[in-house]
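Proteins come first, then strands; the chains are lettered A, B, ... in the order of their sequence lines, and each starts at number 1.
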Amino acid sequence: MEGSIRRVKALFKKEIKDFPKNMNVSLMCLLPLVLILLFSNIQGDSPNQGMKGIDLLNTGLSTNLVVVSTFAISMLIAEEKEKNTMRTLMLSSVTPAEFLAGKAIVIFLFSIVTNTIIYFIAEIDQQYFGHYFLWSVIVTGIMMQIGGIIGLIAQNQMSTSVLGVPVIFAFMIIPMLAQANDILEKIASILPNHNLSILLENIFSGKGYTNSSYNILVILAWLILAAIAFIYTYNRKSLDK
Amino acid sequence: MLQIKGLYKMQRNNKINNIDLSIHTGNIASIECSREISDMLINLILGKEVPTKGEIFIDGQQNIEFIKKGLKNVGIVFAVEGLYERITVEEYLKFYSELLNSSSNYKDIMMKLGLLDIGNLKISSLSYSQKRRLSFARERLKELKLLIFQEPILNMDKDGSRMILENIEELRGKGVAILNTSVSFKDTILLGGHIYTLDENGIELYEDNKEEFQNVAESGIKEEISTREIKQVEELEAEELEETPMYKIEKIPAKIDDRILLFNPIEIDYIESEKGTSHLNVRGEKFTCTLTLNELENRLIHLGFFRCHRSYLVNLQRVREMITWTRNSYSLILDDKNKSTIPLSKGRIDELRRILNI
């Protein structure tokens with residue numbers, strides 16, 4: 001156990017050092033921030049008003065959840081497979097779980113920090129921050145497990161895009177178009193990030209959790225399902241072979 | 001340390017056929033084999049593939065049991081490796097040093113492998129030789145008992161090769177069992193230890209170095225006798241020449257399919273014998289010769305050819321350089337088309353010096 005913590009720490013330190021130099025991933029991780037800074041400053045028809053409040057938060061959050069939490073982690077895992085660096089790690093007593101933990105911690109921290117920054121740029125009442133933090137962390141966890149599954153399946157960075165783009169579509173575009181189409185609305189109603197935004201809307205409007213039991217249920221169901229799917233894939237696609 | 005018993009495995013076109021091999025602590029085994037077979041052998045040793053037949057023991061334990069406890073004592077350098085290209089040499093070694101909780105100081109190891117001055121360079125900007133040394137340095141951070149090294153010196157520059165050979169020798173001295181594999185027969189000779197050839201027919205011990213050193217003394221005497229004989233023959237021939245003019249032509253035959261090529265001895269850079277067959281190296285190309293190396297030696301010795309190793313006969317006119325890698329390994333570098341490096345036995349150095357008057 002002690003050795004395990006030491007190895008995860010070493011892996012984490014390496015990831016942090018490597019992160020700014022890894023342009024593919026670091027630029028991708030900055031995308032949500034760039035996006036909301038852009039949106040919040042766009043001059044609409046009414047003067048001096050950019051996007052604000054819940055709309056801005058939702059845009060930023062869903063981009064962050066899909067692009068950073070899901071996509072970035074799958075790229076980090078696939079890169080090590082593609083460049084054959086993982087093999088050397090596995091031959092240095094690193095277990096697959098430690099390997100994944102080192103990457104997950106970096107992405108997790110980055111996601112949470114971005115989520116928090118988005119909250120403050122969106123200028124939402126600070127009294128709701130605790131609720132926001134809790135639920136955004138849970139959904140980040142769900143999305144990271146999905147990203148992890150993609151990373152485990154993909155053999156190289158190229159194939160993470162092939163596998164990842166449908167996921168982006170499903171999680172980002174469908175909730176956006178939910179109002180336009182009944183079928184899309186039905187699909188959106190079972191997606192965790194869409195339920196998160198409804199939940200947050202309810203919280204921010206002061207209703208608390210009274211109307212949100214369905215949303216909470218969906219999110220928790222995703223948390224369990226994603227964990228099962230991740231463990232299943234992890235056992236099937238053993239990294240150290 | 002490493003013991004392989006009756007190992008058999010067939011995979012696609014590759015076959016490991018009933019091999020037995022054991023490497024004790026402080027010993028080196030250098031195996032000539034194809035890359036595929038080498039990969040397969042390493043996977044079998046690491047327990048990533050299950051043998052059809054046979055057993056592998058590391059440190060007296062079944063390999064799978066040993067590997068379960070972690071690979072702290074086993075170093076593996078593959079011929080093709082991925083390194084973290086974006087971080088620097090020093091960051092890389094520091095990372096592995098922390099990962100392995102290494103007791104050795106990574107700076108010392110950097111010094112031993114000539115990496116100290118390039119510590120701040122990004123790995124992506126390193127040369128091939130530097131990258132290979134970095135891979136080796138990483139494995140040296142482990143408390144090694146067994147080192148498996150794929151292609152230690154293939155295509156390496158001269159200084160890089162020397163550093164790798166020195167480090168291998170140092171590890172051997174510390175009691176590490178070392179398994180080298182290479183596609184180049186010459187490299188395996190240079191790497192030293194017990195030399196094997198591994199192919200689909202099984203594994204074959206090429207020669208024991210110790211035996212060779214003993215034989216050298218004897219062969220030295222024999223050669224003296226033979227040179228004396230040759231002198232006598234030449235004297236006789238000289239006498240004959242006075243009587244009847246005679247052309248003395250020495251051509252070396254090589255066979256390609258059903259044709260026979262005849263080479264002038266001066267054209268030949270060196271001759272290599274592998275598994276009993278001689279190969280003439282002419283302008284960078286190899287030709288099979290039907291004569292044995294001993295027969296060729298007898299024919300060519302008076303034309304300036306020298307038996308620099310049990311398996312090599314070199315045209316001394318082509319020798320450009322004599323290199324001492326470590327106390328036990330030497331090479332000759334030729335100025336032929338490929339700038340070939342060929343092994344030179346320790347026991348034959350004195351004779352070479354005498355011939356060349358150096």
Side-chain angles (χ1 to χ4, degrees), chain A residues 1-29 72 75-103 105-106 154-157 237-241, chain B residues 39 42-43 45-50 64 66-102 106 122-125 131-132 134-144 146-150:
Chain A
M1 193 59 206
E2 216 172 280
S4 218
I5 291 167
R6 189 195 64 241
R7 285 192 287 274
V8 172
K9 208 172 128 195
L11 286 162
F12 173 71
K13 269 165 83 177
K14 189 222 83 192
E15 280 316 316
I16 291 285
K17 264 182 211 153
D18 195 34
F19 194 77
K21 295 173 192 159
N22 189 351
M23 285 315 220
N24 286 342
V25 175
S26 56
L27 284 179
M28 209 161 74
C29 288
M75 276 182 81
L76 285 181
I77 297 170
E79 188 190 11
E80 295 239 12
K81 275 195 207 171
E82 181 183 340
K83 297 193 172 158
N84 248 333
T85 45
M86 198 176 68
R87 180 172 65 171
T88 338
L89 284 180
M90 299 295 158
L91 293 175
S92 305
S93 334
V94 174
T95 65
E98 290 159 3
F99 167 78
L100 292 174
K103 305 223 170 277
I105 294 170
V106 180
Q155 282 309 313
N156 50 43
Q157 294 189 75
K237 297 262 167 191
S238 45
L239 285 172
D240 53 353
K241 286 277 164 175
Chain B
D39 284 338
I42 292 174
N43 281 337
I45 292 172
L46 295 177
K48 301 211 163 167
E49 274 171 42
V50 184
I64 298 166
F66 185 87
I67 273 134
K68 261 187 201 157
K69 286 185 265 159
L71 282 160
K72 274 215 87 167
N73 308 117
V74 182
I76 300 139
V77 185
F78 287 99
V80 181
E81 282 202 344
L83 302 165
Y84 296 107
E85 304 270 325
R86 291 181 294 260
I87 60 177
T88 67
V89 170
E90 197 173 337
E91 281 169 344
Y92 184 79
L93 290 173
K94 209 173 152 193
F95 162 57
Y96 267 97
S97 174
E98 281 170 24
L99 203 61
L100 296 160
N101 203 11
S102 173
Y106 70 93
K122 271 192 186 177
I123 294 177
S124 56
S125 65
K131 283 184 184 170
R132 295 294 292 156
L134 180 59
S135 294
F136 188 20
R138 180 196 65 225
E139 297 306 312
R140 281 211 62 174
L141 290 167
K142 296 180 182 171
E143 284 158 39
L144 289 177
L146 173 66
L147 173 70
I148 301 173
F149 209 146
Q150 221 177 19

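For Arg7(A) (side chain) and Leu100(B) (main-chain N/O), no donor-acceptor pair under 3.5 Å exists by modelled atom type.
For chain B, the nearby part of Glu79(A) is the side chain; its heavy atoms alone come within less than 4.5 Å. Of the two parts of Ile76(B), only the side chain, counted from C-beta on, holds a non-hydrogen atom closer than 4.5 Å to a non-hydrogen atom of chain A. Using a 4.5 Å cut-off between heavy atoms, Lys142(B) contacts chain A through its side chain alone, with no backbone atom that close. Residue contact with chain B, scored on non-hydrogen atoms closer than 4.5 Å, is absent for Glu82(A). With a 4.5 angstrom heavy-atom cutoff, Leu46(B) touches chain A only via side-chain atoms.
No other option in Lys83(A), Lys9(A), Arg87(A) has as many heavy-atom pairs under 4.5 Å with chain B as Arg87(A). Comparing Arg86(B), Glu91(B), Glu85(B), Glu81(B) by heavy-atom pairs within less than 4.5 Å of chain A, the highest count is held by Arg86(B). For the options Ser93(A), Gly3(A), Ser92(A), heavy-atom pairs under 4.5 Å to chain B are most numerous at Ser92(A).
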Query raised in the report: Could you go step by step and tell me if Leu91(A) and Val74(B) meet the side-chain contact (heavy atoms from CB on, under 4.5 Å) rule?
Result: CA-CA 8 Å; Leu91(A) 293 175; Val74(B) 182; over 6 Å; no
Report task. Go through Leu89(A) and Phe95(B) one step at a time and tell me if the side-chain contact (heavy atoms from CB on, under 4.5 Å) criterion holds. Result -> CA-CA 11 Å; Leu89(A) 284 180; Phe95(B) 162 57; 3.8 Å; yes
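For Lys131(B), the NZ atom sits in a packed shell: over 12 heavy atoms of surrounding residues, nucleotides or ligands are nearer than 6.0 Å.
For the residue pair Ile87(B) and Lys14(A), the shortest heavy atom distance occurs at CD1-CG, 4.3 Å. When all heavy atoms are compared, the tightest approach of Glu139(B) to Thr88(A) is OE2-CG2, 4.3 Å. Taking all atoms of both residues into account, the shortest heavy-atom contact from Tyr96(B) to Thr85(A) is OH-O, 4.4 Å.
Ion pair Glu98(B)/Lys13(A) flagged as a salt bridge, since at least one NZ, NE, NH1 or NH2 atom sits closer than 4.0 Å to an Asp/Glu carboxylate oxygen.
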